[in-house]
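Have a look at the structure below before the remarks.
Just so you know, these numbers use all the heavy atoms, side chains as well, and skip hydrogens, waters and symmetry mates. Lettering of chains follows the sequences in order, A, B, ..., and the numbering in each one begins at 1. This one's a predicted model, so the numbers in the text were calculated from it and none came from an experiment.
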2 protein chains.
Amino acid sequence: MKTLIATLLLSSSLLCLAQPQASEADLNKFYTPELLAQLPQVQQAALHSNYALQQLDHLTNNIGPRAAGSPQAQAAVEYVAGELRRLGLQVKLEKVMVPHWVRGLETAELVQYPGQARGTHQRLVLTALGNSAATPSDGITADVLVVSSFHELNRLGADNVRGKIVLFNVPFDEREAEMGLAGEAYGTVSRYRGGGGVAAARLGAVGALVRAAGGADFRIAHTGYSAPAGIPSASITAEDAELVARLSKEGPVRMHLTLTPATYPDVESYNVVADLKGSEHPEQVVIVSGHLDSWDLGTGAIDDAAGVAIAMETANVIQQLKLHPKRTLRVVAWMDEELRGSGHDAYFKDHQADIANHVAAIESDSGAGHPAGFQTAIPPEAAPLLRPIQDVLRAQGAAAMRPGHTGSDIAPLSKAGVPTFGLMQDTRHYFDYHHTAADTFDKVDPSELAENAAAMATLAWALCNTDQPLPRAK
Amino acid sequence: MKTLIATLLLSSSLLCLAQPQASEADLNKFYTPELLAQLPQVQQAALHSNYALQQLDHLTNNIGPRAAGSPQAQAAVEYVAGELRRLGLQVKLEKVMVPHWVRGLETAELVQYPGQARGTHQRLVLTALGNSAATPSDGITADVLVVSSFHELNRLGADNVRGKIVLFNVPFDEREAEMGLAGEAYGTVSRYRGGGGVAAARLGAVGALVRAAGGADFRIAHTGYSAPAGIPSASITAEDAELVARLSKEGPVRMHLTLTPATYPDVESYNVVADLKGSEHPEQVVIVSGHLDSWDLGTGAIDDAAGVAIAMETANVIQQLKLHPKRTLRVVAWMDEELRGSGHDAYFKDHQADIANHVAAIESDSGAGHPAGFQTAIPPEAAPLLRPIQDVLRAQGAAAMRPGHTGSDIAPLSKAGVPTFGLMQDTRHYFDYHHTAADTFDKVDPSELAENAAAMATLAWALCNTDQPLPRAK
C-alpha cells in the first residue's frame, strides 16, 4: 500500500514537471495587451459592485424558495429575464418540462421502544426527500431496522428487511469537511440519500430513512434528491438517527411515519438564456451560470441564488464598463438542477447542433464562500494558457486551477469536450446548511459573494476575448 | 461615566484586598484531616464514574422530553425516585401542583409583502412560547409591526400597535456570549421573550413574536417562559426575524399565524427529595440538585437532565465509597423550573419551619460544559473557609468561587440566608441549544459531565462534614 502511494505521489510530481508549458510568445499572441489591461478592471468592478447582492436579496427574500414547478420558480424566471433585458442582453426563455414534486405533512413518532414511559411517544424531526412516495394520510407503523451500509442491508437480506422501515445511519464526517474535503464527506452520505430508498424497497422495506446528509448539530434535516423508489423516504436529523440507533441496541423500536408529498405531472418551465453578442465571433459562446431552482425548505441562498447572482454580475460589470466581448457572453440561469437535471438536459438537446461553438462554460454551485480559484475540466495543453488569468486572480487569492468536478449543469457540455470551470468555493461549512431550512440570505457574506463574482467575471472576460478559444478535449 | 467606572473598579479592588482571611488555625478546626483526605477521593470517584452519564441517557433517550404535567415528567419522577432508593437513600415524593400547557400546531406564513410572487406566500419557522394563548384553529391574519425595543413600542403607542402582530427584533449577541458573558446576552433578549407579549397586548396587539432568545444560525426557534398575555406569542428564528424586518422596510408585511396550544388545569406532580441521613446532625441538610422538567421540543439534556444526573452522581459516589456524611445529603430533582417555578415554591413553603436547618444548597442548571467552579451567594466571611475545597478543585480547573446567580430553584433558600452555590459551567454555546429541539443527549460531553459531578460531589461532601456549617447571611 505504501509503495503504491509513493508511486502515485512520484507520478503526480512527474506529471507536474511534465505539464505543457506555454512560451511567452504563445501567451503574447493569446492575450492582447488591451485584454490584459481589461482583466483587473473587470475584476475590480465586480469586487466593488453590490449588484450580485441585490439579486441575491430579491431572489431569496422577496421571491423565496424556488422549487422546480412552483410559482416562485416561475417568478424567478421572469425576474431574472427582466433584469438581464434591462442590462441590455438578448434574453430567451428556453422551454424545459420539469418534475413537480410537492412536500406535504411530515411527522414521525417512536411509538414503542425500550424504557418507554407509559402512554408516551417520542417525536422525531425529519423531512421528506425529493421523489419520496407518500404514506397513507394516517401514516404507517413499522419496526425500524438500523443499518450502517448498503453491505449490511444486503447481508441481512429480504427476510430481515421486509415490512421494516430501514434507517441508513451513516454520519456526515464534519472533520473531513473541515479539512477541505467537504465534497468527499458529502459523497459518502449522499449515496445513501440518493440510493437508500431503492435499495431498501428492493428487499421489501416499507420506508427508508437516511441520516442527514450534511453537517451541523442543530437537529435539522437535509432534504435532496432520491431516486424514485416507490416507498416513503425521508432525511432524519443526526440526533434522531443517534436516538433510534441507541434505542435499537436495547430492543425493538417501532415507528409511526406520516409523509404526504405529491408528485404531479411535469410542468412547463424555462432556462433563462441571455446573450451579450460577440463583436467578432458572435457564434462562439462562453457560458456563465448558476441554477435558479432551489429546495423548498430554505430560500436557496447558497444553493444556488448566489450562483445566479454571480453570473448576472459578470454581465452587469461588462455593461457598466461599456466593454464589448469578441465572443458571445451567455448568462444561463438553469432550471431544475435539483430534482431531475431537466434544465441542462434540455439545453444540451436543443443546442446539440451548436455544441462545437461553445468555447467554454463556467458554473457556480457550491455556495458563496471565499473562492480559491476554479476546478477545471480542460485538456492538459489548455492549462498553461490560463497563466495570465491566474496572475490577475492571485491578487484576490483565487489563482488555483485544479482539475475536478466543474458543475452538474455544465457536465453534459464538459462531456462533449467543452472546456468547463467551476468556482472552487470554501465549502468547509457549506454542507451544514445545504438543502436545509437554514439556507437563507444571511448565510452569504457580501464581500465573499463579490469575490466570487470577480473571479467568474475575470475568467469569463478573458475567455470571451483571447485570440483563439482554449483547446478542447478530443 | 468614566469616573464612576474607575471608582467602582477601585472599590472592588479594595474589597478584594479587604476580604476576610481565614487563619490556618480556623481552617484546621473547620476541616479534619480525615475530611481533607476524603475530598480528592470523592472527586476522583466522580471523575471516573459513568453513573451520571447513564442517568442522562435514560432521562433523555428512553424517557425523552419532560414538560411539567406530561406523562414523561411523571415517568421521570418515578425513575429518579426508584434509582435513588436503589442507591439506599430515603426518598419522598413531595407534591407540587404544576401548570399544564401543551403545544399545538404552529405555523406562520407571510401572505402579503413587497416583491411577492403572484399566488405565493413564504413559510416562516417559529415555535409557541410557554403560556401562549391560542389563535382560532384557522389562525389570524394581521400586519406585522417590527420594533427593536420596548421603548420603540411604547413610543409608537396604541394607535400604531392596535390590531398588529408585534415582532420584537432584538438579536442575541453571540459575540458577547463567546466572551463568557452568555448570561448577559441571554438577559437582554429573554426580557423580550418573557415580557413582550404583555407589553404588546397592553397596546392592543393581536399577537407577539420575539426573535429567538439564543444563538446559532440554523433557523431554529427557542421556546421558553412568557408571562401570560392573553395573546398568541411565539419565538421566531433569527433568519425569519431578519426576513420580516427586511421586507418591512420596503412596505407592509401581512402574516397569517396559527398557534393552537392549550392550557389545562394544574396537574399533581412531585419534587423528588432523597436523603442520605447524617450521622451527627441528621437534621442539618445540604442540598444537591437539578431540575427534572424540561421544555418539550428537545429531550432536555443540557436543560436540565444533566443537572439531575450530576446531583445523583454525588449520592452515588458517596455510597460507592461507603462514606457516611455527618450532615444529611439531600438530592432534590425539582419539578417545573421552566414554566412557573411551582416546584421550588412548594418546597420552600412545605419546609418553611426547617429552613434554618438548611446549611447549604447547590444547583446545576447551566448545562454540562467544563465547570470553572461555582457562583456563590454566601456572606463575605464564608468565602475564605472554602479555600481547602478550592485547593482540591484546582486540580480539575474548577477552583473559581465568584459571587453571582446560583440557580432559580435554590433562589428562595438563598433569599432566606442559606449559603448557595451554582455550578459555573462554560456557557459560551449553551444558549445555541437552550430551549430548542436540538437540546439532546449528544450535546453533553461525557468527560465534562463527569467534571461537573466531581465538582458538585467534592463541594457537597465538604459541606456535609465540616466542623461547623458555613456562616449564613443575616
Side-chain angles (χ1 to χ4, degrees), chain A residues 57-66 70-79 103 109-110 113-125 215-220 237-247 250 296-299 301 429 432-433 436-443, chain B residues 57-66 70-79 103 109-110 113-125 215-220 237-247 250 296-299 301 429 432-433 436-443:
Chain A
D57 186 357
H58 191 89
L59 287 169
T60 57
N61 290 323
N62 296 90
I63 294 178
R66 302 170 304 284
S70 69
Q72 286 93 337
Q74 181 58 25
V77 164
E78 288 163 18
Y79 171 76
R103 188 176 304 282
E109 308 89 39
L110 300 184
Y113 51 95
Q116 177 182 25
R118 221 177 14 261
T120 69
H121 64 245
Q122 287 209 51
R123 266 177 79 176
L124 308 182
V125 178
D217 308 291
F218 291 89
R219 211 168 176 189
I220 54 175
T237 74
E239 289 90 339
D240 291 282
E242 284 289 313
L243 173 69
V244 174
R246 201 167 188 96
L247 294 174
E250 299 174 25
D296 56 337
L297 298 173
T299 57
H429 292 284
D432 292 352
Y433 299 106
T436 75
D439 177 4
T440 48
F441 178 71
D442 54 292
K443 301 311 179 305
Chain B
D57 185 359
H58 191 89
L59 287 169
T60 57
N61 290 323
N62 296 90
I63 295 178
R66 303 169 304 284
S70 69
Q72 287 93 336
Q74 181 58 24
V77 164
E78 289 163 19
Y79 171 77
R103 190 176 303 283
E109 308 89 39
L110 300 185
Y113 51 95
Q116 177 182 26
R118 221 179 12 263
T120 69
H121 62 246
Q122 288 209 51
R123 267 178 79 176
L124 307 182
V125 178
D217 308 292
F218 289 89
R219 210 169 177 188
I220 54 176
T237 73
E239 290 90 339
D240 290 282
E242 284 288 313
L243 173 69
V244 174
R246 200 168 188 94
L247 294 175
E250 299 173 26
D296 56 336
L297 298 173
T299 58
H429 292 283
D432 292 353
Y433 299 106
T436 75
D439 176 5
T440 48
F441 178 71
D442 55 292
K443 301 312 179 304

Heavy-atom pairs under 4.5 Å with chain B, option from [options] with the top count:
{"options": "A:I220, A:L110, A:V125", "value": "A:I220"}
{"options": "A:G298, A:P71, A:G115, A:A117", "value": "A:G115"}
{"options": "A:D217, A:D439, A:D240, A:T436", "value": "A:D217"}
{"options": "A:E250, A:E239, A:R246", "value": "A:R246"}

Main chain of [Y], side chain of [X]: is a donor-acceptor contact present, judged purely on distance under 3.5 Å?
{"X": "B:K443", "Y": "B:A438", "value": "yes"}
{"X": "B:R123", "Y": "A:D296", "value": "no"}
{"X": "A:R66", "Y": "A:L59", "value": "yes"}

Exercise. Please walk me through it: do A:T299 and B:L243 pass side-chain contact (heavy atoms from CB on, under 4.5 Å)?
Worked result: CA-CA 10 Å; A:T299 57; B:L243 173 69; 5.6 Å; no
Side chain, backbone, both or neither of [X] within contact of chain A (heavy atoms, under 4.5 Å):
{"X": "B:F218", "value": "both"}
{"X": "B:E242", "value": "neither"}
{"X": "B:S70", "value": "neither"}

Problem set entry | Side-chain heavy atoms of A:T440 within contact of B:T237, under 4.5 Å | no
For this session: Please name all residues satisfying salt bridge (Lys or Arg N to Asp or Glu O under 4.0 Å) with A:D432, sequence neighbours left out, ordered by chain then number.
Result: none
For this session: Not counting sequence neighbours, which residues clear side-chain hydrogen bond (donor to acceptor under 3.5 Å, both in side chains) with B:N61? List them please.
Result: B:D57
Exercise. Among B:A437, B:A238, B:P65, B:A75, who wins on heavy-atom pairs under 4.5 Å with chain A?
Worked result: B:A437
Exercise. Using a cut-off of under 4.5 Å for heavy-atom pairs, which of B:T60, B:L247, B:T120 has the most such pairs with chain A?
Worked result: B:T120
Exercise. At a heavy-atom separation under 4.5 Å, does A:E78 approach chain B through its side chain, its backbone, both, or neither?
Worked result: side chain
